[in-house]
**Q** 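Have a look at the structure that comes next, please.
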2 protein chains.
Amino acid sequence: MKDQGAKPKSNSQRAIGQLRQMIFSGDLSAGSDHLESELADRLGMSRTPVREAALTLESQGLLELRPRKGVRILPVSPEDMSEIYDVLTELESLAAEQAAGMAYDDADLMVLATAIEDMDDALSRDDLQAWADADDRFHAELVRLGGNSRVASIVGMMADQVRRARATTLFMRPLPTQSNEDHRSVLEAIRTGQQDTARLRHRAHRQQAKQIIIDLLKKHRLSRL
Amino acid sequence: MKDQGAKPKSNSQRAIGQLRQMIFSGDLSAGSDHLESELADRLGMSRTPVREAALTLESQGLLELRPRKGVRILPVSPEDMSEIYDVLTELESLAAEQAAGMAYDDADLMVLATAIEDMDDALSRDDLQAWADADDRFHAELVRLGGNSRVASIVGMMADQVRRARATTLFMRPLPTQSNEDHRSVLEAIRTGQQDTARLRHRAHRQQAKQIIIDLLKKHRLSRL
DNA sequence: GCATTTATTTGCGTATGCATTAATGAATGC
DNA sequence: GCATTCATTAATGCATACGCAAATAAATGC
């Protein structure tokens with residue numbers, strides 16, 4: 001996830017960041033309801049900026065404002081995950097294809113290469129959280145290189161949701177060694193400018209990832225995260 | 001475009017609708033700046049709901065809030081259009097593929113079929129606006145049939161932007177007869193459950209549409225809409 | 001005891017006012 | 001004449017207040 005500059009000077013921006021944090025950390029659990037005034041108290045500000053933040057997060061699909069019921073933290077069902085992964089698959093594959101068409105040199109692709117190495121390192125240390133972070137960096141950089149700002153922003157939002165699900169499933173899944181090979185092969189296709197190959201490889205990669213996570217969610221009856 | 005239920009009871013919702021309308025109609029021209037208080041006066045309400053509406057529209061990419069400069073109606077450049085069409089192409093193609101996999105019967109596909117007929121009628125009457133409206137209905141229904149609500153909502157937002165550009169270019173372009181054939185062939189693929197074909201045909205359709213509109217924008221030096 | 005109506009509470013939508021801070025212009029020094 | 005500093009203006013971001021409508025509780029009728 002983006003660092004957000006780390007200094008959001010307005011209360012409204014701060015509220016967005018803090019609420020996101022609280023959702024990801026489970027402090028605000030999925031399905032729970034919270035009054036605007038309660039959240040305002042909790043964040044030490046008035047309802048106005050909280051309300052604005054909630055509106056923003058609603059547009060990003062993290063919560064929902066239900067008049068008189070409070071803001072509801074939206075649970076993520078396996079069906080939601082399926083939808084999200086399908087969108088990610090399409091848009092990231094496009095990004096991979098476009099990135100491959102841009103004749104990037106090794107310096108441009110450094111971030112991708114580094115992310116892959118970091119994933120290898122993390123795996124060898126069994127540090128799944130570090131692996132997940134590097135994986136995020138890889139995917140974020142990929143869409144950046146794709147050059148379509150709308151794709152990048154949509155993917156960024158959806159990735160937030162994936163993170164929520166992954167926080168739960170990360171430690172149930174087999175070590176993602178296959179995933180690393182996938183990343184390498186995508187990078188290679190981008191480096192050598194093979195647009196169709198990049199697209200297809202990334203597409204396959206994402207579809208597999210989808211299957212793994214969906215199976216896990218279903219297997220463990222994790223119908224709502 | 002969706003009818004929006006026609007009864008947004010809150011001022012906030014009303015503001016969203018009215019501002020959208022004003023943007024599409026050119027009442028608020030691209031690139032222009034407007035103070036929150038000015039818009040509030042114009043809509044006959046206080047700044048609060050206007051501000052909330054502006055926040056929402058900002059998240060949809062129609063405008064931008066620049067502190068102390070007012071809300072700026074975002075212009076749509078050919079580059080923006082290119083980005084938008086690429087996203088639409090990917091996501092609608094996915095929708096077409098998924099729709100084809102759902103074994104819809106003729107009743108389910110009625111809306112699509114009707115939209116196509118309406119487009120034919122409109123063309124025969126040289127009624128381009130009616131054609132555009134029916135085209136909108138076709139694409140909206142397609143993503144609905146695809147069954148991925150996130151795809152539907154993203155496409156809906158992007159379609160808003162396309163409408164803006166099309167309002168300008170609609171009367172410069174050749175009659176979209178090819179487009180109608182495309183629609184028919186996509187529908188046929190969906191009806192017969194040919195997922196890959198549906199995807200590929202729709203993809204080709206959208207890519208062609210992109211090329212046409214981009215060329216028009218560039219040819220007429222319409223760098224900002 | 002159950003249903004229906006009435007009263008009460010409570011959270012939201014909106015209006016309003018104020019303080020902060022960026023932008024504009026004036027004034028001063030060089 | 002130009003740049004720099006300071007004063008002024010003005011729009012925002014936010015706090016606060018209030019009325020309304022929905023939800024809940026109480027009360028009444030059957």
Side-chain angles (χ1 to χ4, degrees), chain A residues 2-23 27-75, chain B residues 4-23 27-75:
Chain A
K2 278 292 169 53
D3 198 18
Q4 216 82 354
K7 35 175 170 291
K9 53 171 181 288
S10 81
N11 277 354
S12 198
Q13 293 303 308
R14 210 186 337 278
I16 292 176
Q18 290 194 237
L19 288 178
R20 272 245 290 267
Q21 203 51 47
M22 290 162 80
I23 293 172
D27 197 343
L28 300 176
S29 64
S32 60
D33 293 324
H34 306 272
L35 299 180
E36 291 179 1
S37 41
E38 173 212 327
L39 293 175
D41 284 348
R42 200 117 66 111
L43 298 186
M45 56 184 76
S46 85
R47 273 180 53 218
T48 310
V50 171
R51 195 175 153 76
E52 289 184 358
L55 251 2
T56 300
L57 294 179
E58 180 176 46
S59 80
Q60 300 181 4
L62 284 179
L63 49 82
E64 185 187 22
L65 276 95
R66 306 189 310 167
R68 328 221 146 246
K69 303 265 188 166
V71 309
R72 148 158 301 202
I73 311 303
L74 285 180
Chain B
Q4 216 82 353
K7 35 176 172 290
K9 53 171 181 285
S10 82
N11 277 352
S12 200
Q13 293 302 309
R14 209 184 340 276
I16 292 176
Q18 289 193 238
L19 288 178
R20 274 246 293 267
Q21 203 50 48
M22 289 163 80
I23 293 172
D27 197 344
L28 300 176
S29 64
S32 60
D33 293 325
H34 306 270
L35 298 181
E36 292 178 2
S37 41
E38 173 212 327
L39 293 176
D41 283 350
R42 197 116 68 112
L43 299 185
M45 56 184 77
S46 86
R47 274 178 52 218
T48 309
V50 171
R51 195 174 154 75
E52 289 186 358
L55 250 1
T56 300
L57 295 179
E58 180 176 47
S59 79
Q60 300 182 3
L62 285 178
L63 49 83
E64 186 186 21
L65 279 98
R66 305 190 311 167
R68 322 211 158 254
K69 303 266 189 163
V71 307
R72 148 158 301 202
I73 311 303
L74 284 180

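Numbers restart at 1 for each chain; the letters A, B, ... are given by sequence-line order, proteins then strands.
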**Q** Any idea which heavy atoms bring B/Met45 and B/Ala15 closest together, and the distance?
**A** SD-CB, 4.0 Å

**Q** Rounded off to whole Å, could you give me the CZ-to-C1' distance for the A/Arg72 and C/dC12 pair?
**A** 18 Å

**Q** For the atom pair CD1 (A/Ile16) and CZ (A/Arg14), what is the distance rounded to the nearest 0.5 Å?
**A** 11.5 Å

**Q** Any side-chain heavy atom of A/Leu19 within less than 4.5 Å of one from A/Leu43?
**A**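 Yes; the side chains approach each other to less than 4.5 Å.
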
**Q** Locate the shortest heavy-atom distance separating B/Ala53 from B/Ser12; write the atom from each residue and the value.
**A** CB-O, 4.0 Å

**Q** Could you pull out the closest heavy-atom pair between B/Ala30 and B/Pro75, with the gap in Å?
**A**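 Scanning both residues, the minimum pair turns out to be CB-CA, 3.8 Å.
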
**Q** Within a strict 4.5 Å, meaning less than it, do heavy atoms of the B/Leu28 and B/Val71 side chains meet?
**A** no

**Q** Please enumerate all residues that pass side-chain hydrogen bond (donor to acceptor under 3.5 Å, both in side chains) together with A/Ser32, with sequence neighbours excluded.
**A** A/His34

**Q** Any chance you could measure A/Arg42, atom CZ, to A/Met22, atom CE, to the nearest 0.5 Å?
**A** 4.0 Å

**Q** Take the C1' atoms of the five end pairs on each side of the helix from C/dG1-D/dC30 to C/dC30-D/dG1, derive the two axes, and give their angle rounded to 10 degrees.
**A**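 Both end axes considered, the difference amounts to 0°.
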
**Q** Show the distances under 3.5 angstrom between N or O atoms of the protein and N or O atoms of nucleotides 9-11 of chain D.
**A**
unit_1	atom_1	unit_2	atom_2	d
D/dA11	N3	B/Arg68	NH1	2.7

**Q** Without decimals, in angstroms, what is the distance between A/Leu55 CG and D/dG13 P?
**A**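 Atom-to-atom, A/Leu55 to D/dG13, this comes out as 14 Å.
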
**Q** How close or far is atom C1' of D/dC20 from atom NZ of B/Lys9, stated in whole angstroms?
**A**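 Whole-Å distance recorded here is 13 Å.
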
**Q** Identify, residue by residue, the members of residues 42-52 of chain B with a heavy atom below 4.0 Å from DNA chain D, and return them in order of residue number, or none.
**A** B/Arg47, B/Arg51

**Q** Compile the donor-acceptor pairs under 3.5 Å between side chains in residues 58-69 of chain B and protein atoms, sequence neighbours left out, one pair per line.
**A**
unit_1	atom_1	unit_2	atom_2	d
B/Glu58	OE2	B/Leu65	N	3.0
B/Ser59	OG	B/Thr56	O	2.7
B/Arg66	NH2	B/Asp33	OD2	3.3

**Q** Within this structure, what is the CD1-to-P distance between B/Ile16 and C/dG13, rounded to whole angstrom?
**A** 12 Å

**Q** Which residues pass the side-chain hydrogen bond (donor to acceptor under 3.5 Å, both in side chains) test with A/Arg51, sequence neighbours left out?
**A**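 A/Glu36, B/Glu52.
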
**Q** Separation of A/Asp33 atom CG from D/dA22 atom C1', in whole Å?
**A**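 In whole Å, D/dA22 C1' lies 15 Å from A/Asp33 CG.
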
